[in-house]
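Data first, discussion second: the structure below is written as structure tokens.
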Number of protein chains: 2
Amino acid sequence: MKNTTKQFKHTIVAIDVAIVTIEGNELQVALIQLKNEPFKNYWALPGGMVGSEESIKDAVSRHIKMKAGISKIHLEQLYTFGEVDRDPRGRIVSVGYLALSPVEKLKLKASEEYSNIKLFKVNAIPSKIAYDHKEIIKVAITRLRSKVVYTNIVRYLMPDEFTLTDLQRIYEVILGREFDKRNFRKKMMVIKMITDTKRKTSGGAHRPASLYRFSGKGDYKIDFI
Amino acid sequence: MKNTTKQFKHTIVAIDVAIVTIEGNELQVALIQLKNEPFKNYWALPGGMVGSEESIKDAVSRHIKMKAGISKIHLEQLYTFGEVDRDPRGRIVSVGYLALSPVEKLKLKASEEYSNIKLFKVNAIPSKIAYDHKEIIKVAITRLRSKVVYTNIVRYLMPDEFTLTDLQRIYEVILGREFDKRNFRKKMMVIKMITDTKRKTSGGAHRPASLYRFSGKGDYKIDFI
DNA sequence: TCAAAAGTGTTGCAAATACACCCATGT
DNA sequence: ACATGGGTGTATTTGCAACACTTTTGA
């Protein structure tokens, strides 16, 4: 990172979003590689300015659509980072967001601004991270881990239909510990967060598994796991 | 509220803070009465602009010191409100904060800007509330209620020394339900959040009560209540 | 001696955990 | 027939909730 003079005179509101997904039994976050100073070649969260005629949430959606090719994605606001010197280009206040999507729905694409965009395991993010984005990622993962035990937030990481083993694997990846299969299934049945589709998998060299989907449409809170 | 033309050209970052305390067995929040349009005589949360050379948190502390005469107060960021039309004067993004203090430490004082500042019961806030401040208050109270059951956040609402009955009352006021005295005391002992000072109250026409203080200095999380 | 709040244990119930074997399919 | 993941029940432990009486002080 090089020292540069400040480019912006006024305080600017920006957003940065941690797009989190699960691939290969690992939590992953999307990072872009910056082309320009002051953080040339550093990795950063996708983000950008909030326009003067758009809400903060709309700005997040707009940037996600540009960089990850997805317009319907679960979003939640994390925290607003407002240290004076967090951005060497000037006074930029950034609102951090968490976005969750099953990996199949992401279409990461580089643009003129960025030489590259790809997923990194959250346990192995590159050391050259721009700004305070490492901290934002940490807040994002902490939030996900904390909400997973009292909400149905995992639904945003799952495909429409899934087996109970798939679901258990997602919980295990997020929380980093294993569950007993029988106890896990019992609990899922009790809280009736999911519904049996009466369809089954086929093709595996093993007994077919029942396919489930999440019940209802919204979010809810309850104690489980 | 009257219609006015926009006063500010650029997006501005402001803060609004819900200063919450307990008085008379009720949760209370400090509100100021505005002197000027577009919300003349409406009640609002204390708040104001974030200076270009101060962090967001410093701006919150500064405004609290001005309006509530207290410089050491527990603060936590709640949410950033970024709808385009939330302020008729222009594009103002506001970072909402929760501040907690025992009532004895607050010294609410009116200023030139505000004709009045006082505490309102959160169950009886006036109907003439400016901006989206009713929503901010709601987020503040929800956050407090939710954190009280898994953190030691009540410490910021208590005086330095207190009896177990005092402490139980605070939990009951915040959560709006009653606890069994024996179970409550048992739990407080188990989690060892508080320490016996070996001192006792005196003066009441009843048996003296042991005085306690919170252990350690920081925050922690654990399941209780 | 009375009023008022402080203080103190036990029991029953519900929820969480630990644990092992048979089933259906594809190769 | 065998390898692979799917599917199921019970016993034990632990944590939570319900419950009532005695103690100490000041008036």
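Letters go in sequence order (proteins before strands), and every chain restarts at 1.
- An OP1 or OP2 oxygen of D/dG6 is reached within less than 4.0 angstrom by a side-chain nitrogen or oxygen of A/Thr165.
- Atom NZ of A/Lys200 is separated from atom P of D/dG6 by 11 Å (rounded to the nearest Å).
- Relative to the side chain of B/His206, the nucleotides D/dC19, D/dG6, D/dT25 differ in distance, and D/dT25 lies closest.
- Taking 4.0 angstrom as the limit, A/Ser210 places none of its side-chain polar atoms (N or O) nearer than this to OP1 or OP2 of D/dG6.
- Taking atom CE of residue A/Met188 and atom P of nucleotide C/dA16, one finds them 12 Å apart after rounding to whole Å.
- Side-chain N/O atoms of A/Lys187 and base N/O atoms of C/dA16 include no donor-acceptor pair closer than 3.5 Å.
- Between B/Lys147 and B/Asp219 there is no salt bridge, since no side-chain N of the basic residue sits under 4.0 Å from a carboxylate O of the acidic one.
- Straight-line distance from the CZ atom of A/Arg207 to the C1' atom of D/dA3: 16 Å, rounded to whole Å.
- To the nearest angstrom, P of D/dA18 lies 11 Å from CZ of B/Phe179.
- Side-chain N or O atoms of B/Arg62 include none that pairs as donor or acceptor with a backbone N or O of B/Val50 at under 3.5 Å.
- Spacing between atom CZ of B/Phe184 and atom C1' of C/dA6 amounts to 14 Å, rounded to whole angstrom units.
- Here D/dC19 is the nucleotide among C/dA6, C/dC19, D/dC19 with the atom lying nearest to any side-chain atom of B/Asn183.
- Residue-to-nucleotide proximity on DNA chain C shows that, of B/Ala205 and A/Gly203, the 5′-proximal contact is made by B/Ala205.
- A 6.0 Å sphere centred on CD of A/Glu178 holds no more than 12 heavy atoms belonging to other residues, nucleotides or ligands.
- Look at CG on B/Leu167: it is 13 Å from P on C/dG7, rounded to the nearest Å.
- Minimum atom distance to the side chain of A/Thr163 is reached by D/dG6, of the listed C/dA4, C/dT8, D/dG6.
- Heavy atoms of A/Ser202 sit nowhere under 4.0 angstrom from any nucleic acid atom.
- Side chain of A/Asp180, nearest nucleotide from C/dC19, C/dG7, D/dG5: C/dC19.
- Distance CE (A/Met189) to C1' (D/dG7): 11 Å, rounded to an integer number of Å.
- How far CD1 of B/Ile129 is from CZ of B/Phe39: 10.5 Å, rounded to the nearest 0.5 Å.
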**Request:** Show your working on side-chain contact (heavy atoms from CB on, under 4.5 Å) between A/Val103 and A/Gln28 and close with a plain yes or no.
**Result:** CA-CA 9 Å; A/Val103 69; A/Gln28 312 242 5; over 6 Å; no

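- A straight line from CG of A/Leu211 to C1' of D/dG7 spans 15 Å, rounded to a whole angstrom.
- Neither OP1 nor OP2 of D/dC19 sits under 4.0 Å from any side-chain N or O of B/Arg182.
- Residue-to-nucleotide contacts include a donor-acceptor pair under 3.5 Å from the side chain of A/Lys186 to the base of D/dT10.
- A/Thr201 comes within 4.0 angstrom of nothing in the nucleic acid, heavy atoms only.
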